[in-house]
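Sharing a structure here in structure tokens format.
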Amino acid sequence: MKRLLLLLTLAPCIAFGQVIDVDSNTYKTVKIGDQVWMAENLKVSHFRNGDSIPEAKTLEDWEKAGDENIPAWCYYDNDPSNGEKYGKLYNWWAVNDSRGLAPEGWHIPTDKEWKTLTNNLGAEDVIGVKMKSTSGWAAGGDGTNESGFSGLSGGARSHDGSFTPHKLEYISYWWTSTEYNATLAWYRFLSYNYGVISWDYGEKKHGFYVRCVKD
């Protein structure tokens, strides 16, 4: 009983808000520093103006969208059951489309806004721990979710249409809205075996998850 009381005392007390997208999906939101972030991955299948975002249901669909610079989304492993928990994977043309992927009053965070988020969370070697969910990560890699970001492991889709890594529990990637060059853009990722959140740039043809930040 004493141990249970101690765990309850140490658990983060986080006040979540909410936002609703154009498809009537409801998301938890959380304030981190002076920013307000979605605490769940985006699930929308329409742009803000109501236009449909094409779903890439096959490997060929995904490759075609990337080759033609066309917005696209998919479920991890093309399995709709993954969508409810993890959200949708989007290529960067969906992220950067002028019709707006984010709900009204929100936007896709820039690389600089991601840096602001992580700067608010303290020492670099524990930021990822504070951002990761408290369950679902492989090999004891769960976080404390002290930030409320609630980062789930969820994999990704490669530019060639393959899903990587082979297990959802190992890693998760999120787009920024910042280009590196004509074919590459910046992203962030969390891994089960690291306490940090890492960043890099990759092909816009990749399929990554999306979080939004309030205007």
Side-chain angles (χ1 to χ4, degrees), residues 10-50 53 71 73 83-92 94-124 126-137 142-154 156 172-179 185-190 195-200 207-215:
L10 294 176
C13 183
I14 301 165
F16 291 104
Q18 71 174 34
V19 62
I20 302 174
D21 68 24
V22 70
D23 290 336
S24 299
N25 297 304
T26 301
Y27 306 88
K28 289 181 180 179
T29 66
V30 63
K31 187 173 183 181
I32 304 174
D34 292 328
Q35 299 173 314
V36 179
W37 285 76
M38 281 185 176
E40 300 177 65
N41 295 336
L42 200 64
K43 301 175 181 178
V44 72
S45 58
H46 292 82
F47 289 113
R48 195 184 302 166
N49 70 350
I53 307 167
W73 66 268
E84 185 59 34
K85 181 176 182 178
Y86 300 106
K88 292 178 169 65
L89 294 162
Y90 299 89
N91 66 17
W92 197 79
V95 169
N96 194 49
D97 196 283
S98 61
R99 290 170 287 183
L101 187 65
E104 188 72 38
W106 294 70
H107 61 276
I108 313 303
T110 63
D111 185 67
K112 184 177 180 180
E113 286 174 312
W114 273 97
K115 288 177 181 176
T116 298
L117 167 65
T118 54
N119 286 341
N120 283 324
L121 295 178
E124 183 177 347
V126 296
I127 290 172
V129 175
K130 293 179 180 181
M131 293 178 70
K132 285 193 286 186
S133 59
T134 57
S135 63
W137 291 85
D142 295 331
T144 64
N145 197 31
E146 182 180 335
S147 66
F149 185 82
S150 308
L152 295 169
S153 60
S172 206
Y173 297 78
W174 293 271
W175 280 120
T176 82
S177 61
T178 303
E179 285 183 294
W186 290 97
Y187 61 85
R188 294 294 188 277
F189 66 98
L190 291 169
V196 302
I197 183 167
S198 304
W199 63 93
D200 204 345
F208 296 156
Y209 295 105
V210 170
R211 292 294 180 98
C212 302
V213 66
K214 197 171 184 179
D215 293 349

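Just so you know, these numbers use all the heavy atoms, side chains as well, and skip hydrogens, waters and symmetry mates. Just so it is clear, the structure is predicted and the values come from calculations on it, not from any experiment.
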So which atom in Lys43 and which in Tyr90 form the shortest heavy-atom distance, rounded to 0.1 Å?
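Minimum heavy-atom contact is C-OH, 3.4 Å.
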Can Asp23 and Ser45 be said to form a side-chain contact (heavy atoms from CB on, under 4.5 Å), step by step?
CA-CA 7 Å; Asp23 290 336; Ser45 58; 3.1 Å; yes
Nearest atoms (heavy-atom pairs only) where Ser177 meets Ile108
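Closest heavy-atom pair between Ser177 and Ile108: OG-O, 3.3 Å.
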Pair Leu42, Trp73 - check side-chain contact (heavy atoms from CB on, under 4.5 Å), show working.
CA-CA 11 Å; Leu42 200 64; Trp73 66 268; over 6 Å; no
Anything under 30° is parallel, anything over 60° is perpendicular, the rest tilted; go ahead and classify Trp174 against Phe149.
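Judged by the thresholds at 30° and 60°, the geometry between Trp174 and Phe149 is perpendicular.
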Search all heavy atoms of Thr178 against all heavy atoms of Asp111 and return the closest pair with its distance.
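Thr178 and Asp111 have their closest heavy atoms at OG1-N, 2.8 Å.
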For residues Glu40 and Lys28, report the shortest heavy-atom separation together with the two atoms involved.
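Smallest interatomic distance, heavy atoms only, reads OE2-N, 2.6 Å.
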Compare every heavy atom of Arg211 with every heavy atom of Ser150, then report the nearest pair and how far apart it is.
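Looking at all heavy atoms of both residues, the closest pair is O-NH2, 3.2 Å.
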Closest non-hydrogen atom pair, Ile53 against Ala94:
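Nearest heavy atoms, Ile53 then Ala94: CG2-CB, 4.5 Å.
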Can you tell which of Phe189, Trp37, Trp175 makes a ring pair (Phe, Tyr, Trp, His ring centres under 6.0 Å) with Trp114?
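Result for ring pair (Phe, Tyr, Trp, His ring centres under 6.0 Å) with Trp114: Trp37.
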Assign the ring pair Tyr173 / Phe208 to parallel, tilted or perpendicular, where the plane angle (0 to 90°) is split at 30° and 60°.
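Geometry flag for Phe208 against Tyr173: parallel rings.
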For atom CG of Asp215, is the number of surrounding heavy atoms from other residues, nucleotides or ligands below 6.0 Å larger than 12?
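Result for CG/Asp215: enclosed.
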Is Asp21 salt-bridged to Arg48, cutoff N-O under 4.0 Å?
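Salt bridge between Asp21 and Arg48, a charged N being under 4.0 Å from a carboxylate O: no.
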